There are 2 protein chains.
Amino acid sequence: MRIKRNADISIADRPVTAQRRLLLDILKEADGHLHAKELYRRAAERDREISLATVYRNLRLFKELGLVRETRLDDLRCYYEIRRPSEHYHLICTACGQVTDFESPLVARLVADVELECGFHAERAVLHLEGRCGGCKKA
Amino acid sequence: MRIKRNADISIADRPVTAQRRLLLDILKEADGHLHAKELYRRAAERDREISLATVYRNLRLFKELGLVRETRLDDLRCYYEIRRPSEHYHLICTACGQVTDFESPLVARLVADVELECGFHAERAVLHLEGRCGGCKKA
DNA sequence: TTAAGTGCAAAGGCTTTGCAGCATA
DNA sequence: TATGCTGCAAAGCCTTTGCACTTAA
């Protein structure tokens with residue numbers, strides 16, 4: 001066992017262990033859309049002792065702290081990505097599996113419409129479009 | 001074991017067993033948003049011998065035939081509902097758990113925008129808004 | 001000492017699958 | 001007989017949890 005604390009980043013008031021730092025680093029490098037096992041695989045390349053339980057525990061922590069966003073892009077598992085200032089959504093190509101981000105001002109309008117018409121106050125919109133990306137459309 | 005075939009409805013060219021009929025009936029009555037175990041629970045009230053495996057197998061069949069739509073409204077499980085002619089989306093109240101349907105023409109516009117701007121051809125939009133329904137907003 | 005984090009293994013919960021028996025043609 | 005559906009039980013997969021040990025303050 002070796003837990004190395006690291007003071008140059010902070011995760012709320014929680015201790016920053018080497019594992020946490022490593023996981024956040026990988027999430028940032030990956031630019032999103034990692035599932036837990038893939039994150040674990042990449043982390044294990046740099047720290048052979050890290051465990052899957054630690055990955056899950058910290059993903060949950062990051063999520064609760066708002067550092068990371070969890071989304072279910074398929075029916076198998078959750079995907080995680082560093083939370084960015086602006087909300088975005090996903091395009092999922094059912095042919096090649098590629099996941100791309102997109103933004104649209106229409107989502108905010110839709111949320112406003114729903115509040116007016118249904119009285120429902122939305123705090124989060126989960127939106128992804130499934131179909132064929134530019135490349136696969138041609139093929 | 002008793003498999004009773006029933007000719008007065010059809011499921012593509014597949015045999016309509018008593019179990020399939022029962023499951024479709026319950027899905028129709030429920031007006032959507034059932035998860036597999038709840039569907040099983042309700043089915044078992046009328047047919048004590050039906051099995052959870054049959055529920056899952058037939059949900060998958062219905063899904064493949066386009067009779068039923070599967071959506072993950074939370075991270076635990078999938079929810080199933082009879083597919084209706086017009087596409088709709090869901091409002092999920094994080095306070096009381098209530099799930100409501102809504103439609104919006106903005107989704108079609110968004111899909112068109114994405115096709116123009118990103119070259120992505122969407123075949124399905126998965127959209128739900130999480131927040132507080134009218135009742136829970138006041139409380 | 002006290003509170004918190006970790007690895008390991010076991011357990012949970014949802015879903016799928018293997019198998020033998022039954023149903024229909 | 002041949003194909004397809006079913007129930008049951010077991011297995012799969014993702015995720016969480018219990019426990020003992022380690023770390024840091």
Side-chain angles (χ1 to χ4, degrees), chain A residues 1-24 26 33-41 43-65 67-68 70-80, chain B residues 1-24 33-41 43-65 67-80:
Chain A
M1 170 84 42
R2 89 267 80 86
I3 304 179
K4 301 163 202 132
R5 304 264 158 121
N6 196 323
D8 63 344
I9 58 170
S10 71
I11 305 177
D13 336 344
R14 312 295 285 272
V16 179
T17 62
Q19 290 89 337
R20 288 185 178 163
R21 151 133 253 170
L22 174 59
L23 294 174
L24 283 174
I26 295 172
H33 314 127
L34 291 182
H35 55 266
K37 225 167 182 177
E38 174 63 16
L39 177 56
Y40 168 68
R41 201 190 56 74
E45 286 177 359
R46 303 194 212 165
D47 173 357
R48 252 175 286 108
E49 289 183 42
I50 199 169
S51 77
L52 189 54
T54 294
V55 170
Y56 275 110
R57 273 190 286 238
N58 283 313
L59 281 174
R60 178 196 266 190
L61 172 68
F62 298 159
K63 190 174 60 174
E64 285 167 2
L65 295 175
L67 293 174
V68 155
E70 176 191 75
T71 319
R72 237 179 221 280
L73 298 179
D74 60 37
D75 288 335
L76 272 184
R77 53 204 162 190
C78 295
Y79 290 76
Y80 300 86
Chain B
M1 171 85 43
R2 88 268 78 84
I3 303 180
K4 299 161 203 135
R5 304 262 158 123
N6 196 323
D8 63 344
I9 59 172
S10 70
I11 304 178
D13 335 345
R14 315 295 287 271
V16 179
T17 61
Q19 290 90 335
R20 289 184 176 161
R21 153 132 249 171
L22 174 58
L23 294 174
L24 283 173
H33 314 127
L34 291 182
H35 54 267
K37 226 170 182 175
E38 174 63 17
L39 176 56
Y40 168 66
R41 200 189 57 74
E45 286 176 359
R46 304 194 211 165
D47 173 357
R48 254 175 285 109
E49 289 183 43
I50 199 169
S51 77
L52 190 53
T54 293
V55 170
Y56 276 110
R57 273 190 286 237
N58 283 313
L59 281 175
R60 179 196 265 188
L61 172 68
F62 298 159
K63 190 173 61 175
E64 285 167 3
L65 294 177
L67 292 174
V68 154
R69 177 161 174 174
E70 175 191 75
T71 319
R72 237 179 221 281
L73 297 179
D74 61 36
D75 289 335
L76 274 182
R77 53 204 162 187
C78 295
Y79 290 76
Y80 300 86

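Computed from a predicted model, the values in this text were never measured in an experiment. Side chains are part of it too, since the values below use all heavy atoms of this structure and drop only hydrogens, waters and symmetry mates.
Between its opening and closing five pairs, the helix from dT1(C)-dA25(D) to dA25(C)-dT1(D) changes axis direction by 10°, a value rounded to 10 degrees.
Whole-Å rounding puts the Leu23(A) CG to dG7(C) C1' distance at 14 Å. Taking atom CD1 of residue Ile50(A) and atom P of nucleotide dT6(C), one finds them 8 Å apart after rounding to whole Å. Whole-Å rounding puts the Glu49(B) CD to dA9(D) P distance at 13 Å. Distance NZ (Lys63(A)) to C1' (dT15(D)): 10 Å, rounded to an integer number of Å. Separating the CG atom of Leu61(A) from the P atom of dG5(C) is a distance of 7 Å, rounded to the nearest angstrom. Regarding Arg41(B), its CZ atom lies at a distance of 18 Å from the C1' atom of dG13(C), rounded to whole Å. Residue Asp75(A) contributes atom CG, which lies 12 Å from atom P of dT15(D) at whole-angstrom precision. The nearest whole Å value for the distance from the CG atom in Leu39(B) to the P atom in dT15(C) is 11 Å.
Checked against Leu39(A) for a side-chain contact (heavy atoms from CB on, under 4.5 Å), the options Ile50(A), Asn58(A), Leu52(A), Leu23(A) give a single hit: Leu23(A).
Taken from OH in Tyr79(A) to OG1 in Thr71(A), the straight-line distance is 11.0 Å, to the nearest 0.5 Å. Between Tyr80(B) atom OH and His35(B) atom NE2 the span is 10.5 Å, to the nearest 0.5 Å. Note: Lys37(A) NZ to Tyr56(A) OH = 7.5 Å, rounded to the nearest 0.5 Å. Rounding to the nearest 0.5 Å gives a distance of 5.5 Å between CZ of Arg46(B) and CG of Leu22(B). One distance of note links NZ of Lys63(B) with CZ of Arg60(B); it measures 7.0 Å at 0.5 Å rounding.
For DNA chain D, the residues of residues 52-60 of chain A within the heavy-atom distance limit of 4.0 Å (strictly under) are Leu52(A), Ala53(A), Tyr56(A), Arg57(A), Arg60(A), sorted by number.
When every heavy atom of His33(A) is checked against every heavy atom of Leu73(A), the shortest pair comes out as CD2-CD1, 4.3 Å. Considering every non-hydrogen atom in both Asp47(A) and Gln19(A), the closest pair reads OD2-CG, 4.2 Å. What you find for Leu59(B) and Ala36(B) is that their closest heavy atoms are CD1-CB, 4.0 Å.
An OP1 or OP2 oxygen of dG13(C) is reached within less than 4.0 angstrom by no side-chain nitrogen or oxygen of Lys37(B). Residue Arg20(A) has a polar side-chain atom (N or O) positioned under 4.0 Å from OP1 or OP2 of dG5(C).
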Review item, nucleotides 10-12 of chain D N/O atoms under 3.5 Å of protein N/O:
none

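Within the 3.5 Å criterion, the main-chain N or O of Pro15(B) finds a donor-acceptor partner in the side chain of Arg20(B).
For the pair Thr54(B) and Tyr40(B), the minimum side-chain heavy-atom distance is 4.5 Å or more.
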